[in-house]
Amino acid sequence: MSSIRFSFVLLTALQALNACANHPDSTAPTGPAVPMPQLSAAIANSTPEEARRAISNKTWLWTLGGGPYQVHYSTADGRDFAWLVGESRILRGEWRIDTTTGPQGGPLVQLCLRYPGVQRPDLSADWNCRPAGTAFEQMADRESGDPLHLLNRTQAQFVLTTPPANLAEVEAQVVGR
């Protein structure tokens with residue numbers, strides 16, 4: 001390709017790019033990030049009764065926060081049992097559903113956990129509360145019942161050495177022992 005032809009192609013391409021940059025897609029948002037409507041609705045519309053049903057008699061996997069992955073069993077009467085990756089002890093705590101005033105002044109339903117005698121990231125003797133809708137959205141996995149039998153244990157059958165991908169992976173390891 002001759003240098004004149006190459007220059008012409010390059011000039012044409014630059015003009016096309018400049019036109020795109022100066023004329024953005026009219027349907028694209030131009031302001032700040034738009035909240036996710038499903039998540040926002042789950043947080044704003046969560047009722048205390050829905051939150052209780054969502055946590056009561058459930059086994060769930062928590063993968064966020066400053067501590068290790070956690071497998072929980074939350075009973076219907078407000079007790080919570082936590083098995084942490086790297087630990088053999090089953091921690092005993094409590095859960096409750098609380099309502100506070102949210103950022104917009106309306107009611108905000110929260111899931112609160114506490115573990116008397118424990119001082120770890122995300123697990124302590126003080127109540128640690130999160131918006132319920134956010135907490136349920138952030139749970140990596142959740143199912144009904146106590147398939148890992150955490151309720152009647154103080155010690156796990158083994159130490160989880162690696163973070164599980166889901167509850168089925170943990171259940172398969174427990175059944176195999």
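- Nearest heavy atom pair, residue A125 against residue R114, reads O-CD, 3.6 Å.
- When atom types are taken as modelled, the side chain of K58 and the backbone of R53 share a donor-acceptor pair closer than 3.5 angstrom.
- Closest approach of R92 to P116, counting heavy atoms only: O-CD, 4.2 Å.
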Please evaluate residues V109 and I97 with respect to the criterion side chain to side chain contact (heavy atoms under 4.5 Å, CB included), reporting the C-alpha separation (whole Å), side-chain torsions for both, the decisive distance (0.1 Å), and the verdict.
CA-CA 7 Å; V109 177; I97 299 301; 3.6 Å; yes

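- E169 places no side-chain N or O within 3.5 Å of a backbone atom of N166 that could act as its donor or acceptor partner.
- Put simply, the residue from E50, M139, R142 that forms a side-chain contact (heavy atoms from CB on, under 4.5 Å) with I55 is M139.
- The shortest heavy-atom contact between T99 and P107 is CG2-CB, 3.8 Å.
- T59 places a side-chain N or O within donor-acceptor distance of the main-chain N or O of G145, the cut-off being under 3.5 Å.
- With W95 as the aromatic partner, R79 does not meet the cation-pi criteria of under 6.0 angstrom to the ring centre and within 45 degrees of the ring axis.
- Relative orientation of the W83 and F158 rings is perpendicular, given thresholds of 30° and 60° on the angle between their planes.
- Expressed to the nearest 0.5 Å, how far SG of C129 lies from CG of L108 amounts to 10.0 Å.
- The OG1 atom of T100 sits 5.5 Å away from the CD atom of Q110 when rounded to the nearest 0.5 Å.
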Chi angles and distances behind the side chain to side chain contact (heavy atoms under 4.5 Å, CB included) call for Q70, E87
CA-CA 10 Å; Q70 305 166 15; E87 296 283 331; over 6 Å; no

Test side chain to side chain contact (heavy atoms under 4.5 Å, CB included) on W62 and V71 and set out the steps.
CA-CA 6 Å; W62 182 260; V71 177; over 6 Å; no

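- A heavy-atom distance below 4.5 Å is not found between the side chains of L84 and Y69.
- Using a distance-only test at 3.5 Å, with no hydrogens or angles considered, no donor-acceptor pair links the side chain of N57 to the main chain of A76.
- Proximity of Q173 to P164: side-chain heavy atoms (C-beta onward) are nowhere separated by under 4.5 Å.
- The backbone N or O of L61 sits nowhere less than 3.5 Å from a side-chain atom of D141 that would complete a donor-acceptor pair.
- Side-chain contact, S88 with Q155: a donor N or O sits under 3.5 Å from an acceptor N or O.
- Taking CZ of F81 as the reference point, atom NE2 of H149 lies at 14.0 Å (rounded to 0.5 Å).
- Remark: D126 CG to Y115 OH distance equals 13.5 Å, nearest 0.5 Å.
- Residues L148 and R153 are not in side-chain contact: their nearest non-hydrogen atoms beyond the backbone lie 4.5 Å or more apart.
- Ion pairing between a basic and an acidic side chain is recognised when a charged N comes within 4.0 Å of a carboxylate O; E137 and R130 show no such pairing.
- The minimum heavy-atom distance between L111 and A135, with the atom names listed, is CD2-CB, 4.1 Å.
- Between atom CG of residue L150 and atom CD of residue Q157 there is a gap of 9.5 Å, rounded to the nearest 0.5 Å.
- The minimum heavy-atom distance linking V85 with P163 is given by the pair CG2-CA, 4.0 Å.
- Atoms CZ and CZ, on R52 and R96 in that order, are 11.0 Å from each other to the nearest 0.5 Å.
- The nearest pair of heavy atoms linking A140 to T63 is CB-CG2, 3.7 Å.
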Apply side chain to side chain contact (heavy atoms under 4.5 Å, CB included) to residues R89 and V118 and explain how you reach the verdict.
CA-CA 12 Å; R89 185 174 75 152; V118 176; 4.2 Å; yes

